[in-house]
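Because only heavy atoms are used, hydrogens play no part in the values below, and waters and symmetry mates are left out as well, while side chains stay in. Order of listing sets the numbers, starting from 1, for every ligand and every atom in it.
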Amino acid sequence: MTPEAATEAIEIDVHLRADGGVTMEREVRLGLTAKPKELAPKYFYDERGSRLFEQITELPEYYPTRAERQILAARSVEIVAAAGEPGTLVELGSGSAAKTRHLLDAMRDAGCLATYVPVDISEEITHATARSLVEEYRGLSVRGLVCDFEQDLERIPNGGDGRLVAFLGGTIGNLYPEPRRRFLTRIGALLEPGDRILLGTDLVKERSRLEAAYDDSEGVTAEFNKNVLLVLNRRLGGDFDPEMFEHVARYDSEAARMDIRLRSLAKQTVRLDGLDLTVRFAAGEEMRTEISSKFTREGLEGVYREAGLRPDGWFTDSAGDYALSLASV
Ligand code: SAH
Ligand code: AVI
């Protein structure tokens, strides 16, 4: 494809700085002045953070990506048929869309593939993904959205030719229960009768495997976690020293979620000029940077019900580690 043709096939709207970064400033200030301190996981994903996540997906300990890929490789034809052979695939938190190719292949082979709508907060990876996909899928139109999907969900274009809304990777697990219910309810409002959501969820399993998946022996997840501090330094004029924090990944079996934190290695003071804020950390103080919820089939069915969605498809990998589920309105 010529560069001109590729440019015509791609349209990406960026809505990150529509509010001049005010949301980030407000959220980070609130998080750093709260007790205990907390940062939202969406701030991991600058260009380096997206690259580190890609490395995580290849780690021996991080099974979710492999499990989801296995399901998609085996069941995408069935999923696309169950979704009514949609013309548009919307993908929330699309990242590199590596596994998404299985769905796109199935849509192309069914003769319905027209439009792919990647929705991601990371601008660089969304552009790179769009460029690769228009090269790989002849005639594909990419209508991407770079935004916070929790804020800008309603900007997703209405395909008119049937939509499958994929939310893969287990990213739904990074939302707390109440925001998750609101988010799924809003997705439901976007769906027309016959459209489907396809949700990837990691399943409850033994602590040792979960904790290893989030604290790998090569230290990639630790780097990914600390990357949020570099993002704050760059975007909010901070002077965090990532070496002064250590990565903590614990499974909270009562809440059925991984609890990811950064622990301050000493008593220290951090300055964020962009917020005109000085933050004090005690030695050993922990700041949560992410949760990653794990589900059971029954629990997830309850989550769907609370959001007014009807589960109508359940697919797991051979080891039963991970599930893809379909739901409709
Ligand atoms: N779907 C891919 C990537 C998962 S990583 C996979 O399964 O491998 C999570 C992705 O969601 C990242 O690409 C990140 O940039 C994006 N993301 C995280 N929070 C987001 C938010 N609030 N709004 C939009 N995208 C977000
Ligand atoms: C993107 N999300 C589903 C990943 C997860 O497993 O919760 C992010 C991640 N955090 C640490 N490792 C991977």
Check this for me - ligand 1, Glu150, N or O atoms closer than 3.5 angstrom, yes or no?
no
Would you say [X] has more than 12 foreign heavy atoms packed within less than 6.0 Å of its [atom1]?
| X | atom1 | result |
| --- | --- | --- |
| Arg101 | CZ | yes |
| Glu298 | CD | no |
| Arg209 | CZ | yes |
| Glu243 | CD | no |
| Gln151 | CD | yes |

The one among Ile125, Thr65, Ile121, Leu92 that brings a heavy atom closest to atom 25 (N) of ligand 1:
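Considering heavy atoms of Ile125, Thr65, Ile121, Leu92, the nearest to atom 25 (N) of ligand 1 sits in Ile121.
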The option among Asp120, Val119, Ile56, Thr100 carrying the non-hydrogen atom nearest to atom 15 (O) of ligand 1 is Asp120
Checking Ile156, Asn158, Val90 against Leu190 for side-chain contact (heavy atoms from CB on, under 4.5 Å), the one that qualifies is Ile156
Are any of the heavy atoms in Phe167 under 4.0 Å away from ligand 2?
no
Assess Gly173 for proximity to ligand 2: is some non-hydrogen atom of it under 4.0 Å away?
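Gly173: no contact with ligand 2 (<4.0 Å).
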Where is the nearest protein heavy atom to atom 2 (N) of ligand 2: which residue, which atom, and how far?
Asn174 OD1, 3.0 Å
Atom 4 (C) of ligand 2: which protein heavy atom is closest, and how many Å away?
Tyr62 OH, 3.4 Å
Test of understanding: given a 4.0 Å heavy-atom threshold, classify the contact between Ile260 and ligand 2 as side chain, backbone, both, or neither.
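None of Ile260 does.
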Can you tell me which portion of Met258 lies within the under-4.0 Å heavy-atom range of ligand 2? Options are side chain, backbone, both, or neither.
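Within the 4.0 Å criterion, Met258 makes no contact with ligand 2.
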Atom indices of ligand 1 within 4.0 angstrom of [X] heavy atoms, with elements:
| X | answer |
| --- | --- |
| Gly95 | 13 (O) |
| Lys42 | 19 (N), 22 (N) |
| Cys147 | 23 (N), 24 (C) |
| Phe53 | 3 (C), 4 (C), 5 (S), 8 (O) |

Check: [X] N/O within less than 3.5 Å of ligand 2 N/O:
| X | answer |
| --- | --- |
| Tyr214 | yes |
| Tyr45 | no |
| Thr221 | no |
| Ser292 | yes |

Would you kindly say whether [X] and [Y] are connected by a side-chain donor-acceptor distance under 3.5 Å?
| X | Y | answer |
| --- | --- | --- |
| Asn225 | His247 | yes |
| Glu27 | Tyr43 | yes |
| Tyr304 | Ser325 | yes |

[X] neighbourhood, listing ligand 2 atoms whose heavy-atom distance to it stays under 4.0 Å:
| X | result |
| --- | --- |
| Glu290 | 7 (O), 8 (C), 9 (C), 10 (N), 11 (C) |
| Gly170 | 3 (C) |
| Thr171 | 1 (C), 3 (C) |

Sole candidate of Asp321, Asp252, Asp259, Asp202 that passes salt bridge (Lys or Arg N to Asp or Glu O under 4.0 Å) when paired with Lys294:
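So, applying the salt bridge (Lys or Arg N to Asp or Glu O under 4.0 Å) to Lys294 and each of Asp321, Asp252, Asp259, Asp202, only Asp202 qualifies.
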Over-ring placement of Lys37 relative to Phe281, 6.0 Å and 45° cut-offs
yes
